[in-house]
Amino acid sequence: MERFRRIPLFIIASLLVGLKTYLVYRFYFNLSFESVFQEIIIFINAFAFSFFVFSIGVWFKKKRQKKFIYITTIAMTFILIANLMYYRNFTDFITLPTLMQVNNAGDLGGSILSLFHFEDIILILDVALIFYLGKREIFPIQPFSTLFKRRILAVAFSFLALNMVLAELERPMLFKRGFDREYLVKNVGLYTFHGYDAFITATMQSKRIFADGSEFNEIEEYVKDSVEESQNAEQSIDLEGIAEGKNIVYIAFESAQEFVINRELHGEEITPFLNELIEDSYYFDNYYHQTALGKTSDHEFLMDNSLYPLPNSAAFFTHSQNEYYALPEIIKEQKGYNSYVFHANNASFWNRNVMYESLGYDEFFDVESYDFTKEDTIGWGLNDKMYFEQSVDILKEQEDPFYAKFITLTNHFPFDIPEEEASLDPYESDSVTLNQYFQTVRYTDEAIEDFMNKMKEEGLYEDTIFIIGGDHYGVPSYHNEALGKYLGKEITPFEDVKLQKVPFIIHIPGHEDDRTISTLAGQIDYKPTILNMLGIELEEDIRFGSNIFDKPSDRKDFIAFRDGRVVGKDYVYASGVCYDNETGEPVEEETACEDIREQATKELNYSDEIIYGDLLRFYDFESGEVIEAEEEQDE
């Protein structure tokens, strides 16, 4: 016992924090482990990094050494818990650019509280114990000899090196696959991931400074060869020019996933109105959201620009001052449309008040445009029914033709709704999130029905084309066990990809040729689809999507996600495994997914180059020529 009490406090602290870190990795995060080797790596990492950080304290004198141990314990605990809260909401890890979005946290309110679980108390017990041991000096805090310091540092670096070697053996070129944050955390740990993320962020920020336009030539060639050739493709359904002169309304159905469509709960339809509307509309049942950290803002970015969201941040924040050639700007230039956004949230949320100007929107009707009290709010803000009612009153005062985007709020995590407002009983499972999700989905379904009826009452219905789409997933994969019970199947990585489908409906009043279409498509295809419906043919444009009504054989055969997953016509790649798209079973042939993965990676990288380097400032969209950097400065 006496020998045990001679162990320095920094070692005890490193063991306690290391153990806590391992417990979070293994039992709190929903990480998938394919082998015992991965389990060993994450165990080694948790203790190796903790020991390395605390060993720095040996270089301080006694008083500062104790303070260093306290601060390090609190800092590592804070990082761990913050990532856990974030993970429970987004099934992802915090990146440095997301910290720039901290003003968004002001609207989280109850969301954050719902992310805390009772068992999280365990995560602060070691903090209290370390402070107690330090105060009572049960374990020594003392000056150490130079030899001891060097030996401790050598041991710490050896453990880290061992972790890196094992990680590279398990996942070759790990840091080249930075888009897969789960793999990084599983192999090198959360804290090393944050260091890598900081390095990548700094590197990306420098790209704009050194960009000169020469990077654009290769991208332009790819777009013309691989994307724009589909402009002249034969269309399975020819709707070219059908929207010309008509108003266009897009409704972003917050957090709506495709699995709720035409499904029941307690014997009742979850989305009765949308189910009915689909029978008189074009419905795409194989349409995927492609958002990343920016969630709703990413979906807007994708649809307005036909560019991909960024891997480690939200372009709405980090690149709002870039030059874009977005949908609102184009339809104003080509067809004289004014564009409006209706969203009952703060103008600064997701930096919309700045980004919308860059995208070419004429006016943003934010929370200040609505009249309501606290009693009229549900979850994140003004309830969707009152929101739509007041929005139509504003919309009818606008000059035709217009393009209007509506972003709903009620069906937002954590899906809180007063009992008296819910017209559907909650689901019964271990997941409160899933239980309430169906209720708020039903509420927004009812709100959209009210909206459509009021558009008819105000005489706006017949001359308007309505498009309704889910912006991103609603139920994080953290709740897949409960969701699997509702769906009656195990949620494998393959099934989890399939759950990224969101509803996409195009309703054209008076148009009878309606059907359900299973074309593989995603949010990247929205911009070219709307342009085609308006009869706008751009000789020069830089986009990665194509008209959703083109024949499937003439379209790209993959949908790319920022986390490395890819959905193809024949195969699906997820969590390092290639699956048969028809059976959902793993494919024995290792190279089966290679082509779609390479194509997806190429497009994602090209899109990143455009955004990071602000390359569209070097492109003349009239002539299709690249402007040299010196010419741009002269102008």
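Worth knowing before you read on, the calculation uses all heavy atoms, side chains too, and leaves out hydrogens, waters and symmetry mates.
A salt bridge between Lys246 and Asp400 is absent, with no side-chain N of the basic residue lying under 4.0 Å from a carboxylate O of the acidic one. We find that Glu300 and Lys405 are joined by a salt bridge, their nearest charged nitrogen and carboxylate oxygen being less than 4.0 Å apart.
No donor-acceptor contact under 3.5 angstrom links the side chains of Thr444 and Asn411, judged on distance only. The closest side-chain donor-acceptor pair between Gln257 and His472, if any, does not fall under 3.5 angstrom. Between the side chains of Thr296 and Asp471, at least one donor N or O lies within less than 3.5 Å of an accepting N or O. Between Asp285 and Ser518, the side chains place a donor N or O and an acceptor N or O closer than 3.5 Å (distance only, hydrogens not considered). Side-chain contact check for Tyr282 and His511: at least one donor-acceptor pair (N or O, by modelled atom type) lies under 3.5 Å.
Between Tyr250 and Tyr526, a ring centre-to-centre spacing shorter than 6.0 Å is recorded. Ring to ring, Tyr606 and Tyr222 are close: their centroids are under 6.0 angstrom apart. When ring centroids are compared, Tyr356 and Trp350 stay outside the 6.0 Å threshold.
Under the 6.0 Å distance and 45° angle rule, Arg565 counts as a cation-pi partner of Phe561. A cation-pi geometry, defined here as NZ or CZ lying under 6.0 Å from the six-membered ring centre and within 45° of its normal, does not hold between Lys454 and Phe451.
The residue from Ile465, Asp280, Thr464 that alone fulfils the side chain to side chain contact (heavy atoms under 4.5 Å, CB included) condition with His507 is Asp280.
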Quiz prompt | Criterion ring pair (Phe, Tyr, Trp, His ring centres under 6.0 Å) on Tyr324 and Phe301, from CA distance to verdict | solution = CA-CA 10 Å; Tyr324 297 104; Phe301 186 80; 5.6 Å; yes

Quiz prompt | ring pair (Phe, Tyr, Trp, His ring centres under 6.0 Å) between Tyr283 and Phe504, intermediate numbers included | solution = CA-CA 6 Å; Tyr283 180 58; Phe504 190 70; 8.9 Å; no

Practice problem: Evaluate ring pair (Phe, Tyr, Trp, His ring centres under 6.0 Å) for Tyr403 paired with Tyr337, printing each intermediate quantity in order. | Solution: CA-CA 7 Å; Tyr403 173 80; Tyr337 276 68; 8.1 Å; no

Quiz item: Does the pair Asn480 and Ser477 meet the rule for a side chain to side chain donor-acceptor pair (under 3.5 Å), with working shown?
Solution: CA-CA 5 Å; Asn480 274 352; Ser477 58; 4.6 Å; no

